[in-house]
Amino acid sequence: MTVVDITSESHFNELTTSLPSTMPITLSFHTPWAAPCTQMNAVFSYLSTQYNNVTFLSVDAEAHPEISETFDVSAVPFFVLIKNGKVVRELSGADPKELSAAIQELSGQQPAAAPTTRVENDAKEETTAEEDLNARLAKLVSAAPVMLFMKGTPAAPQCGFSRQLVGILRENQVRFGFFDILKDDTVRQGLKQFSDWPTFPQLYVNGELQGGLDIVKEILAEDPNYFKNL
Amino acid sequence: MSTDASAEPEKFPNFGDSETPYEDKIRWVLTQNLKPTYLKIHNDSHKHAHHAPMRDSVSQETHFRLEIVSEAFEGKRLPMRHRLVYQMFSKEMNAEGGIHAMQLLTLTPKEWEERQGKK
């Protein structure tokens, strides 16, 4: 089976109502400009050839904000797994192994024999290294319910914005994990690609990027209880 | 033969002669792409000049704070709005001695009016 690209909200509704309710559906939300999406689109496409008892639908999250809103999509790539008309699982971020396992579970079947394609050994190894990095980053951003990627440490911040964000988290009595990106350039550069975000500090809540200092200040201006309600 | 100037796409201006080339470019790019109803550019570089990573910097334009009000932000959550802007300056933000930081305030015209009303 191939991935069906959704062209409009009505197209989406038509498709989902015409399918037998016993057929599981998986939705992929992506944007054309986010690097992790390009990788995951390829993974998604490959998985669609492996499980012919699941419908694979793809949605350009920015082109169809109504559909994104319906599923509460705030970061891409984002995957929704639906069984019997109910959302059974949501995955955020680019973790090929996690997505693969989740879809296999949804399908309940063994993956079909891989289509025979000749793969250059070098290219395959490069993909594995990138996959490994993305898998590592996906785990890192979920290492704690609130994760702060900053310059320096909370005890010794090396940048004014990082210092301010730590201050805000402490003021709101938030328990958070932190990672000093000055100590690991692989993570520092990798995270910029992974989350398509060029700057630090970066705050993640439940594995999802919320943004930097400016966004956190905005969120609190609108909702002072944001952290209390997590 | 006369040319219709309004039909020609606006060519990318040369900011090299300006004293504030980054600020000019930011203003031009944002105006072209987002057609903002309100745009304010603050250059906060002097506030960070003493930080260790900035000591070797010769640029006076390293840290910016932008206030942008545009319809283009409608229907987008904050991270997506910010990515939209960051994407326009990825070259400058990745360059050595380029833009080091960009703080953003991104509002739709409706949100902006609501804020003005609250004041």
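Residue numbering restarts at 1 for every chain, and letters A, B, ... go by the order of the sequence lines.
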Does atom CD (Gln173(A)) have a neighbourhood of more than 12 heavy atoms from anything else shown, all under 6.0 Å? no

Closest contact, heavy atoms only, Ser74(A) versus Arg77(B): CB-NH1, 3.4 Å

Interface check, chain B: of Gly211(A), Pro198(A), Pro65(A), most non-hydrogen pairs under 4.5 Å belong to Pro198(A)

List the steps and the verdict of side-chain contact (heavy atoms from CB on, under 4.5 Å) for His82(B) and Leu209(A). CA-CA 12 Å; His82(B) 287 220; Leu209(A) 176 66; over 6 Å; no

Atom pair OG1/CD1 of Thr199(A) and Ile99(B) - distance to nearest 0.5 Å: 12.0 Å

Closest contact, heavy atoms only, Met102(B) versus Asp214(A): O-OD2, 4.0 Å

Please report the C-alpha distance between Asp196(A) and Tyr86(B) in whole Å, then the side-chain angles of each, then the deciding distance to 0.1 Å, and finally whether the side-chain contact (heavy atoms from CB on, under 4.5 Å) criterion is met. CA-CA 9 Å; Asp196(A) 192 26; Tyr86(B) 286 145; over 6 Å; no

If you count heavy-atom pairs under 4.5 Å between each of Ser68(A), Ala75(A), Ser195(A) and chain B, which one has the most? Ser195(A)

Atom group of Phe161(A) that falls short of 4.5 Å from chain B, counting heavy atoms: side chain

Exercise: identify the closest heavy-atom pair between Glu218(A) and Leu107(B): OE1-CD2, 4.4 Å

Tell me, yes or no, whether the heavy-atom count around Lys35(B) atom NZ, taken from other residues, nucleotides or ligands under 6.0 Å, exceeds 12. yes

Shortest non-hydrogen contact between Trp197(A) and Pro79(B), atoms and distance: CZ3-O, 3.3 Å

If you tally heavy-atom pairs under 4.5 Å between each of Gln103(B), Lys76(B), Met93(B), Arg65(B) and chain A, the highest tally belongs to Gln103(B)

Any salt bridge linking Arg115(B) with Glu222(A)? Criterion: basic side-chain nitrogen under 4.0 Å from a carboxylate oxygen. yes

Do other residues, nucleotides or ligands put more than 12 heavy atoms under 6.0 Å from Glu113(B) CD? no

When heavy-atom pairs shorter than 4.5 Å are enumerated against chain B, which of Gln210(A), Lys217(A), Glu62(A) gives the highest number? Glu62(A)

